[in-house]
Amino acid sequence: MASPKERLTTEIQQALRAGDRVRLGALRLLSASVKNREVELRRDVTDEEFVEVATKEIKRRVEAIEAYERAGRPDRAAVEREEMAALQAYVPPALTDQELDALIGEAIESTGASGPSDLGRVMGAVMGRAKGRADGRVVQERVRARLSGSNG
């Protein structure tokens, strides 16, 4: 099985041959981000670090989509969505609501959390296990709701 970096190189070539400019641009930006990360680390990235870089690139697209929609630029938001779709092939699928709730439950139990003041401990446990498969804002909202409910 090819590493994510090898797969990225192959897909850049395919997008180039197909003339898919948006996909090509997104993949080239991902490649540049990975190279920048390797320069920072002074070594090749691991597969896990590659996924982290790809996740950050996807998050940038989500933020850009929100900004373009607020600015009344649906054309630019559509391009960002297309780029985001190209990048999502490089990250594991997001956790389902049920998986996330189970993870939160386990984290609350394992940390002995009893109220909102334990939010940080629970968040650390959940995000460590989710490994980029869950949006931090969503996790925080759910953890906060669970801890407030268990406190009441």
Within the side chain of [X], is there an N or O that forms a donor-acceptor pair under 3.5 Å with the backbone of [Y]?
X	Y	value
R121	T111	yes
E38	V45	yes
R142	I104	no
S110	A107	yes

Within a strict 4.5 Å, meaning less than it, do heavy atoms of the [X] and [Y] side chains meet?
X	Y	value
D44	F50	no
E82	D20	yes
L16	R28	yes
V39	K35	no

Legend entry - Heavy-atom closest pair, residues D118 and G112: OD2-O, 4.4 Å
Inset, instruction - Of all the heavy-atom pairs spanning M123 and Q140, show the shortest one and how long it is. - result: SD-CA, 3.5 Å
Using a strict cut-off of less than 4.0 Å between a Lys/Arg side-chain nitrogen and an Asp/Glu carboxylate oxygen, indicate whether [X] and [Y] qualify as a salt bridge.
X	Y	answer
E63	R60	no
E69	R73	no
E11	R23	yes
R137	E66	yes
D47	K5	no
R43	E49	yes
R76	E80	yes

Spacing of [atom1] belonging to [X] relative to [atom2] belonging to [Y], to within rounding of 0.5 Å:
X	Y	atom1	atom2	result
L29	R61	CG	CZ	5.5 Å
L41	R37	CG	CZ	4.0 Å
I12	R17	CD1	CZ	12.0 Å

Inset, instruction - Kindly work out whether a path of hydrophobic side-chain contacts (I/L/V/M/F/W/Y, heavy atoms less than 4.5 Å apart) joins V79 to L27. - result: no
Inset, instruction - Report whether L87 and V53 are members of the same hydrophobic cluster (ILVMFWY, side-chain heavy atoms less than 4.5 Å apart, transitive linking). - result: yes
Legend entry - Heavy atoms from other residues, nucleotides or ligands near CD of E40 exceed 12 (cutoff 6.0 Å): yes
Legend entry - R7 atom CZ: more than 12 heavy-atom contacts under 6.0 Å: yes
